[in-house]
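In what follows, a structure is listed as structure tokens, so that the remarks can point back to it.
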Amino acid sequence: MSSFRSDFLRTLHERGFIHQCTDPEGLDALAAAGGLPGYIGFDATADSLHVGSLVQIMMLRWLQKTGNKPVVLMGGGTTKVGDPSGRDESRRMLTDEQIGQNMAGIRKVFSQFLSFGEGAADAVMVNNADWLDRIEYIPFLRDVGRHFTINRMLSFESVRLRLEREQPLTFLEFNYMILQAYDFMELSRRLGCQLQMGGSDQWGNIVNGIELTRRIDGRELFGLTTPLITLASGAKMGKTASGAVWLNTERLSAYDYWQFWRNTEDADVGRFLRLFTELPLDEIARLERLGGSEINEAKKILANEATTLCRGAAAAEEAAETARRTFEEGSLAEGLPTIEVAAPEIEAGIPVVDLLVRAGLAASKGEARRLIRGNGARLNDAAVADEAAALRTADLTGDGTAKLSAGRKRHVLVKVL
RNA sequence: GGAGGGGUUGCCGAGUGGUUAAAGGCAGCAGACUGUAAAUCUGCCCGCGUCAGCGUUCGUUGGUUCGAAUCCAACCCCCUCCA
């Protein structure tokens with residue numbers, strides 16, 4: 001299946017985006033013609049997306065770059081129901097306001113990756129609350145519900161796993177797959193969307209939409225899923241010391257985002273370059289052949305490219321420079337995450353234990369103490385030997401800052417107001 | 001409806017009256033080694049603390065006891081078998 005004619009599928013294939021596809025030949029023909037609208041749905045469960053969604057976002061970007069039309073579906077309606085896929089427990093119920101706020105945050109992420117507008121190749125964003133909120137129960141059951149057999153619904157993995165694991169599945173969540181299937185049909189009617197993409201866990205939901213639309217409208221739709229992206233070491237991707245790797249600046253600084261990519265495991269560098277940057281494949285092939293410590297250059301390029309896509313070139317350069325000064329020169333660099341403290345506090349002396357907590361380098365004072373005891377805390381690159389140590393005016397550099405570190409990689413600047 | 005089994009600290013999973021903040025594993029954090037990698041080894045891993053201790057924790061609520069995650073009662077939830 002490596003002989004795709006369309007730029008879109010060929011690129012996705014070469015870069016490792018494709019896990020399953022309902023009808024590769026048919027989709028290839030459509031994509032080759034150009035102007036194909038394709039969508040991916042995103043739930044509004046948080047006010048930012050994280051790197052877990054980045055594969056899907058990159059796919060939409062490639063869709064646009066290869067002359068087709070990306071459609072971002074915000075799950076304003078489905079988020080009220082909750083996707084049971086891959087979960088043992090029901091999702092927390094969100095209010096309409098929270099969902100609205102979350103969608104606003106997510107919108108910002110997409111404006112970075114896609115170009116929105118009114119033109120044929122411009123990306124558009126739609127909200128399924130626009131049609132789901134207005135569904136009338138009985139007509140919906142008669143028109144849509146009759147096409148779903150419980151027998152088949154029970155066989156879908158999202159449902160089956162819940163049942164097998166002896167975890168409750170509410171009727172509310174049970175409806176999720178029907179609503180998502182309906183979304184696909186609705187989007188094919190409204191926008192001529194013939195393609196839905198998603199993670200491999202969405203396969204069942206996507207296929208449902210395809211079948212529903214074929215039965216009701218007699219129209220042929222296509223589905224494409226990405227593989228689950230894990231680290232070479234087997235762990236789930238997207239965790240750092242401080243939590244999820246968010247795409248929004250408000251949630252994660254450009255420096256931390258850059259660092260996340262910089263710390264990629266050797267074995268993942270090539271794969272990540274293909275998925276998360278737009279570098280030419282021959283260039284990537286060259287980079288991933290680098291051995292030993294040279295592969296660090298490839299990691300920096302990965303970090304630069306990925307950060308540029310998500311945060312812009314200026315932010316990426318700044319992050320790279322901050323990292324260079326911090327790690328390669330060992331100097332105190334502006335641009336590190338910063339916390340501010342009041343001048344009188346410093347004069348009185350702030351316990352390092354408290355600072356570690358305030359800086360987010362330790363979750364509790366106890367943890368901060370243990371960090372010091374384990375010789376992992378440093379102030380201005382000197383190990384903090386005493387749990388009772390405090391930061392005093394004398395510890396500040398000329399411009400009124402001090403560098404506080406947990407381990408060799410996590411640094412925070414303390415600045416006096 | 002009847003008979004059994006079970007709900008333990010982020011997850012898995014020991015523990016059946018005090019020596020238990022609770023074995024072990026995973027995840028996580030730090031140290032060593034390195035290349036801001038992996039693997040490996042070591043330490044840490046509920047909160048507060050002037051490190052003596054104090055406070056909270058084993059589904060929920062009561063009770064027995066000098067003392068309970070461990071015994072009793074009621075309740076909630078889950079599983080298995082029978083009808």
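Atom set for the values below is all heavy atoms of this structure, side chains included, hydrogens, waters and symmetry mates excluded.
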Those residues that, when tested against [X], pass side chain to side chain donor-acceptor pair (under 3.5 Å) (two or more places apart):
{"X": "R289(A)", "value": "none"}
{"X": "S6(A)", "value": "D28(A)"}
{"X": "D143(A)", "value": "none"}
{"X": "E328(A)", "value": "K300(A)"}

Watson-Crick/G-U partner (both atom distances under 3.5 Å) of [N]:
{"N": "rG43(B)", "value": "rC29(B)"}
{"N": "rA3(B)", "value": "rU80(B)"}
{"N": "rC71(B)", "value": "rG63(B)"}

Rounded interatomic separation in angstrom, taking [atom1] from [X] and [atom2] from [N]:
{"X": "R271(A)", "N": "rA38(B)", "atom1": "CZ", "atom2": "P", "value": "15 Å"}
{"X": "E294(A)", "N": "rU36(B)", "atom1": "CD", "atom2": "P", "value": "14 Å"}
{"X": "I372(A)", "N": "rC29(B)", "atom1": "CD1", "atom2": "P", "value": "18 Å"}
{"X": "L287(A)", "N": "rG35(B)", "atom1": "CG", "atom2": "P", "value": "20 Å"}
{"X": "L361(A)", "N": "rA30(B)", "atom1": "CG", "atom2": "P", "value": "10 Å"}
{"X": "L356(A)", "N": "rC29(B)", "atom1": "CG", "atom2": "P", "value": "16 Å"}
{"X": "Q259(A)", "N": "rU36(B)", "atom1": "CD", "atom2": "C1'", "value": "6 Å"}
{"X": "I295(A)", "N": "rG35(B)", "atom1": "CD1", "atom2": "C1'", "value": "10 Å"}

### Query
Expressed as a whole number of Å, how far does the C1' atom of rA23(B) sit from that of rU16(B)?
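The same atom, C1', in both gives a distance of 15 Å.
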### Query
Between the side chains of Q180(A) and Q196(A), does any donor sit under 3.5 Å from an acceptor?
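Note: Q180(A) and Q196(A) side chains meet the donor-acceptor criterion.
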### Selection from rA38(B), rA30(B), rU36(B) that lies nearest to any side-chain heavy atom of L371(A)
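The closest nucleotide is rA30(B).
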#### Entry: Test ring-ring contact (aromatic ring centres under 6.0 Å, His included) applied to F116(A) - qualifying residues, sequence neighbours left out
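Listed in chain order: nothing, the list is empty.
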### Task
Under the salt bridge (Lys or Arg N to Asp or Glu O under 4.0 Å) rule, collect the residues that match up with E288(A), sequence neighbours excluded.
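Partners of E288(A) under the salt bridge (Lys or Arg N to Asp or Glu O under 4.0 Å) test: R274(A).
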### Message
Strictly below 4.0 Å, N to O, side chains only: are K69(A) and D122(A) in salt-bridge contact?
### Response
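Answer for the salt bridge query: no.
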Please enumerate all protein N or O atoms sitting under 3.5 Å from an N or O of nucleotides 20-25 of chain B, with distances to 0.1 Å.
none

### Task
Write out all pairs satisfying side chain to side chain donor-acceptor pair (under 3.5 Å) with one or both partners inside residues 123-140 of chain A, taking only residues at least two apart or from two chains.
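As it turns out, the side chain to side chain donor-acceptor pair (under 3.5 Å) pairs with a partner in residues 123-140 of chain A, which skip direct neighbours, are T78(A)-N128(A), K80(A)-D133(A), N128(A)-D183(A), W131(A)-D183(A).
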What side-chain donor-acceptor pairs closer than 3.5 Å can you find for residues 384-391 of chain A, not counting sequence neighbours?
residue	atom	partner	partner atom	Å
D386(A)	OD1	A388(A)	N	3.0
E387(A)	OE2	R373(A)	NE	2.9

### Proximity to RNA chain B (any heavy atom under 4.0 Å), residues of residues 297-304 of chain A only
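Within this stretch, K299(A) sit under 4.0 Å of the strand.
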### Task
Would you mind building the protein contact string for nucleotides 42-48 of chain B? One character per nucleotide, 5' to 3', B for base within reach (heavy atoms under 4.0 Å), S for sugar-phosphate only, - for untouched.
--SS-SS
Report all side-chain donor-acceptor pairs from residues 337-345 of chain A shorter than 3.5 Å, counting only partners two or more places apart or in another chain.
residue	atom	partner	partner atom	Å
T338(A)	OG1	L336(A)	O	2.9
E345(A)	OE1	A342(A)	N	3.4
E345(A)	OE2	R358(A)	NH2	2.6

